[in-house]
Number of protein chains: 2
Amino acid sequence: MTGARATDGDPGGRSKRAEATRRRLLDAADGLFYAGGIRATGVEAIAEGAGVTKMTLYSHFSSKDELVAHYLSERDARWREALEGRLAKHEAPDEKLLAVFDAYREYVVSGELRGCAFVNCAAEFPDREHPARRVAREHKAGLRRRLAGLSAEAGAEEPEVLAERLFVLLEGAYVTAAMEGDEGVVDRARRLAEDLVSAAAVARGEPSRG
Amino acid sequence: MTGARATDGDPGGRSKRAEATRRRLLDAADGLFYAGGIRATGVEAIAEGAGVTKMTLYSHFSSKDELVAHYLSERDARWREALEGRLAKHEAPDEKLLAVFDAYREYVVSGELRGCAFVNCAAEFPDREHPARRVAREHKAGLRRRLAGLSAEAGAEEPEVLAERLFVLLEGAYVTAAMEGDEGVVDRARRLAEDLVSAAAVARGEPSRG
DNA sequence: CCTAAATCTTACCGGTCAGTATAGTTACGG
DNA sequence: CCGTAACTATACTGACCGGTAAGATTTAGG
């Protein structure tokens, strides 16, 4: 019972070696789960991808479900990092709002148009209370909150409305890009977003920026 | 070799009995594949759901993959029927454009928020050339064409642009409704669509309708 | 250098899956 | 009413899956 370290997600008392192994496992899980689908990918393949045995995998994660949840958590963390990196390049909140589309396009393209990992997870796991589904929900909620905050900063009269519209546009563009194999739709959705953001700013009496 | 009827999708020389069995199989496949996911649903469960044996299933469909493709084809056909039923209630093309959102909301709710079957299929089958993926692509392309036609009829200056924007809104609302368990997003997306359609009509000098 | 943690090796379990074989039975249509 | 198409019953194959067992071995770190 003392060695039940498999379940915690934070770096408790793990050695550097174990830490590195865990990293390789999560990296392998990320690549394989995303590219091939979760149910279609066996744990053995992930262990092999990490250069490790199935036994070692199970000493880091107590079950496949838990590994899946961590896989999505990692995706979420990396996404937030990439997003904030993008946003930091801009000062004005309305520019930041549009920069979210740039971050999306980058993600869409880098994933070879396999779609949103969180949406795909929802497709594979109908159970809304599956640990991975909780992570997925929180991921989307986080983006929504970010958009709402930026919308408020941009002075939109109804920040929640603008945020949801941008959110829906982002989601629609992402899923469309994956379905049709066309990443250009993200940029075209962005053009509509520009109108929405401008209109929201104009409604407040601010000058729109070209 | 003469009995190789399993592969054709049209009602060739099937008896009424076989026809009815095929119907029950497709109905069972629809319910189970959609609710539980395709990979997670075994062919045995579908046969049982149709009240027949696995052997009978395989006398109607040559493989699970083929059954999956037919499952999506059926979905597409039923969707088109439901959509045209909705559209027929309206005369003006701009009203028809918005009625698509009503049809979507109805579909979203009726499916208990399990999302778009075609998107879910894309999530489960990475191979773009999988027969089911082809059906999914054609399904989306069909809707796009319909939207583009209606946009042109509505007199939009750039029908393709309007159509794609509405399409992306529809897709985004659908996936969001499924992810967050909130069907209201479809109606809220519709509100933005109303603005887009009005703007397109206004640009042509037509009076907008309340 | 020695110890304790981390990993490896190998083999196994019970279960599920897609798909097939064979032989027997039912129901429908001419 | 009979022939044939449709379906049943049952058992099987071969593969893969998630997860576990037990003991040997390696590695890092004090």
Side-chain angles (χ1 to χ4, degrees), chain A residues 1-8 11-26 28-29 32-33 36-71 124-125 127 130-132, chain B residues 1-8 11-26 28-29 32-33 36-71 124-125 127 130-132:
Chain A
M1 298 288 176
T2 64
R5 283 276 154 71
T7 314
D8 39 9
R14 263 188 295 271
S15 70
K16 286 181 183 176
R17 195 181 162 210
E19 197 78 43
T21 300
R22 185 188 173 88
R23 263 263 58 79
R24 287 193 330 263
L25 279 167
L26 283 171
L32 294 172
F33 278 153
I38 296 172
R39 298 200 103 107
T41 301
V43 291
E44 188 112 55
I46 290 169
E48 191 183 341
V52 131
T53 312
K54 198 165 46 157
M55 285 303 303
T56 299
L57 186 154
Y58 276 101
S59 81
H60 283 267
F61 305 95
S62 65
S63 69
K64 183 181 180 179
D65 280 347
E66 198 207 323
L67 176 59
V68 173
H70 280 287
Y71 146 63
E124 292 207 73
F125 298 95
D127 178 10
H130 189 290
Chain B
M1 300 287 176
T2 63
R5 283 276 152 73
T7 313
D8 40 9
R14 263 189 295 271
S15 71
K16 286 180 182 175
R17 195 180 161 211
E19 197 77 43
T21 299
R22 185 189 173 87
R23 264 264 57 79
R24 286 191 336 259
L25 279 166
L26 285 170
L32 294 172
F33 278 153
I38 296 172
R39 298 200 104 107
T41 300
V43 291
E44 188 112 55
I46 289 169
E48 190 183 339
V52 299
T53 313
K54 198 165 46 159
M55 284 304 303
T56 299
L57 186 154
Y58 276 102
S59 82
H60 285 267
F61 305 95
S62 66
S63 69
K64 182 180 181 178
D65 280 347
E66 198 207 324
L67 176 58
V68 173
H70 281 286
Y71 146 63
E124 291 207 73
F125 298 95
D127 178 11
H130 188 290

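Just so it is clear: chains get the letters A, B, ... in the order the sequence lines come, proteins before strands, and each one is counted from 1.
Distance from the side chain of A:Arg17 is smallest to D:dT26 among D:dA6, D:dT26, C:dA18. Closest to the B:Lys64 side chain, of the nucleotides C:dT26, D:dG18, C:dA18, is C:dA18.
When all heavy atoms of A:Glu124 and A:Arg39 are compared, the pair lying nearest together is O-NH1, 2.8 Å. Between A:Lys54 and A:Ala47, the closest heavy-atom pair is N-CB, 3.8 Å. Scanning all heavy atoms of the two residues, the minimum distance from B:Asp65 to B:His130 falls at OD1-NE2, 3.1 Å.
Note: CZ (B:Phe33) to C1' (C:dA18) measures 11 Å, nearest angstrom. Atom-to-atom, CG of A:Asp65 to C1' of D:dG19 comes out at 12 Å; the value is rounded to the nearest Å. Atom C1' of nucleotide C:dA5 and atom CD of A:Glu19 are separated by 14 Å, given to the nearest angstrom. Counting to the nearest Å, the C1' atom of D:dG18 and the CD atom of A:Glu66 are 14 Å from each other. Rounded to whole angstrom, the span from the CG atom of B:Leu57 across to the C1' atom of D:dT8 amounts to 14 Å. The nearest whole Å value for the distance from the CG atom in B:Leu67 to the P atom in C:dC17 is 15 Å. Going from atom CG of B:Leu25 over to atom P of D:dA6 covers 14 Å, rounded to whole Å. Following rounding to the nearest Å, B:Arg24 (CZ) and D:dA6 (P) show an atom-to-atom distance of 14 Å.
In terms of modelled atom types and a separation under 3.5 Å, the side chain of A:Ser15 and the main chain of A:Ala18 share a donor-acceptor contact.
Residues A:Val43 and A:Phe61 are not in side-chain contact: their nearest non-hydrogen atoms beyond the backbone lie 4.5 Å or more apart.
Residues from residues 42-56 of chain A with heavy atoms under 4.0 angstrom of DNA chain D, sorted by number: A:Gly42, A:Val43, A:Lys54, A:Met55.
Of the residues B:Leu26, B:Leu67, B:Val52, the one that meets the side-chain contact (heavy atoms from CB on, under 4.5 Å) test with B:Ile46 is B:Leu67.
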Stepwise side-chain contact (heavy atoms from CB on, under 4.5 Å) check, B:Arg22 with B:His70: CA-CA 11 Å; B:Arg22 185 189 173 87; B:His70 281 286; 3.7 Å; yes

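Along DNA chain C, the nucleotide closest to B:Ser63 and the one closest to A:Ala18 are compared, and the more 5′ of them pairs with A:Ala18.
The shortest distance between the side-chain N/O atoms of B:His60 and the OP1/OP2 oxygens of D:dC7 is below 4.0 Å.
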